[in-house]
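Data block below; observations after.
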Number of protein chains: 2
Amino acid sequence: MEDPGLNETKYHHGNLKQALVEAGLDILREDGLAALSLRACAARVGVSHGAPKNHFATLAVLQAAIVAEGFRQFAATMRRHMNAAAKDSKTQVMASARGYVAFAEANPDLFRLMFSMERQLDVYPDLMPASREAYAVLREVTQRIAPDSCENPVHQTTNETMLWTFIHGFANLKANRQFYTSNAETGKDPELEDVFPKLSYVELED
Amino acid sequence: MEDPGLNETKYHHGNLKQALVEAGLDILREDGLAALSLRACAARVGVSHGAPKNHFATLAVLQAAIVAEGFRQFAATMRRHMNAAAKDSKTQVMASARGYVAFAEANPDLFRLMFSMERQLDVYPDLMPASREAYAVLREVTQRIAPDSCENPVHQTTNETMLWTFIHGFANLKANRQFYTSNAETGKDPELEDVFPKLSYVELED
DNA sequence: AACAAATATAGACAGCGTCAATATTTTCGT
DNA sequence: ACGAAAATATTGACGCTGTCTATATTTGTT
């Protein structure tokens with residue numbers, strides 16, 4: 001097969017590897033984590049049930065590839081929110097947090113899979129760079145909001161940890177609809193703005 | 001069967017329902033979430049693969065029962081930490097947080113299952129009271145540390161949300177070993193004390 | 001053109017959730 | 001106390017799953 005135009009179409013299917021990852025993301029979004037299977041991805045793409053074996057030795061390896069792509073889209077979502085916002089430090093922090101939470105709410109199953117799989121980051125080496133890409137965004141906004149403490153790596157790490165911990169907790173509770181169920185009586189489903197700016201980042205240095 | 005002594009032994013197995021839940025907790029602790037199956041629980045207890053059907057119509061229902069028991073143990077862990085600590089407000093808050101994080105670290109798979117299942121809290125009604133039992137602990141310590149704002153339910157809810165969000169985020173990241181992998185270069189695995197007291201609860205009222 | 005590597009197919013097997021049919025035990029009304 | 005009814009456990013079946021093996025097809029290289 002000559003394949004003049006596009007550069008990806010290889011042969012029978014033309015890169016099946018990427019297609020399986022995207023099928024997995026679709027299944028995750030449409031039918032949830034329980035429906036994510038090697039055979040379902042293969043069927044969705046239109047290949048036999050054994051075909052994925054050539055690209056992903058096991059289901060966990062395919063999941064790792066899906067999670068890696070998830071981390072890339074995760075970082076992209078945060079950067080998109082940041083680009084659409086004003087460029088002062090506080091607004092940028094809030095924008096990244098908004099992106100973080102928006103991604104978790106839009107892709108709850110993927111989000112859960114991402115952060116439950118990263119435990120085995122050493123087993124699936126593709127995960128590391130993708131995870132770093134997302135974490136770099138957090139590091140970036142943290143450096144901007146507390147630049148004077150950057151010279152002290154301990155303080156910098158603490159800032160990152162605090163910011164990340166809080167955003168991650170909020171995103172998790174939002175993704176799992178935990179706020180709604182626990183505050184059912186009050187009917188409160190808090191927004192990020194209600195609670196986020198009350199943290200005193202600037203007072204971290206003492 | 002007369003059953004003179006113990007009050008629980010019913011007939012063939014004697015309450016299988018509770019035994020299956022405990023088997024599920026063991027499997028979750030020893031072999032992880034992927035190994036949690038109806039058949040595995042049945043085999044561990046020593047009954048046939050169809051026996052659980054009488055008590056749990058489906059795997060999800062058994063998981064809900066396991067999660068409910070998990071929430072009860074979760075609340076008990078927090079209270080145990082609180083009872084072992086000094087009784088001033090700040091120490092009590094820290095003790096509950098320590099219990100929260102300790103439980104998540106000791107039972108990562110159960111912890112994940114708990115907070116991913118609570119989304120369907122309406123589907124499995126047994127979850128609600130157990131979940132409330134755990135949330136009540138958080139509400140309790142929050143009321144103690146910011147008592148003056150209790151008259152305003154909005155402030156109270158915000159305090160709870162902030163505290164919970166932060167602790168939950170920290171527990172999640174700890175349970176998933178996320179800190180370790182992300183701060184691998186610095187070798188930092190932050191402890192709760194490093195980061196928790198820097199939040200300024202007392203300044204929430206403004 | 002021919003051979004080797006990559007890639008896809010097809011079949012098999014065990015484990016799983018779930019359902020239906022059956023057997024056993026307990027409980028309850030009389 | 002006894003038989004009926006309900007609760008509980010067993011067994012077998014079905015389709016789905018991951019994974020392995022053998023086989024076929026396509027691609028790339030020489």
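In what follows, chains carry the letters A, B, and so on, assigned in the order in which the sequence lines appear, proteins first and then strands, with residues in each chain numbered from 1.
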A:Thr58 has its side chain closest, among D:dT19, D:dG12, C:dT9, to D:dT19
Acceptor/donor pairs from residues 67-76 of chain B side chains to any protein atom, 3.5 angstrom cut, sequence neighbours excluded:
unit_1, atom_1, unit_2, atom_2, d
B:Glu69, OE1, B:Arg72, NE, 3.2
B:Glu69, OE1, B:Arg72, NH2, 3.4
B:Glu69, OE2, B:Gln73, NE2, 3.2

With sequence neighbours left out, write down each residue that passes side chain to side chain contact (heavy atoms under 4.5 Å, CB included) with [X], or none if nothing qualifies.
| X | answer |
| --- | --- |
| A:Glu105 | A:Val101, A:Lys174 |
| A:Lys17 | A:His55, A:Phe56 |
| A:Ala136 | none |
| A:Leu38 | A:Pro52, A:Leu59, A:Leu62 |

> Under the salt bridge (Lys or Arg N to Asp or Glu O under 4.0 Å) test, which residues partner B:Arg39, sequence neighbours left out?
Replying inline: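 Here no residue qualifies.
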message: With a 4.0 Å cutoff (strictly under), does any side-chain N or O of A:His49 reach OP1 or OP2 of C:dA8?
response: no
### Heavy-atom donor-acceptor pair, B:Asn54 side-chain to D:dA9 base, under 3.5 Å
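Checked by distance alone, the answer is yes.
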Here the residues of residues 60-68 of chain A within 4.0 Å heavy-atom distance, strictly under, of DNA chain C are none
With the threshold set at under 4.0 Å for non-hydrogen atoms, list the residues of residues 20-42 of chain B touching DNA chain D in residue-number order.
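Nucleic-acid contacts, sorted: B:Arg39.
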Sorted by chain and residue number, the ring pair (Phe, Tyr, Trp, His ring centres under 6.0 Å) partners of B:Phe111 (sequence neighbours excluded) come out as B:Phe115, B:His168
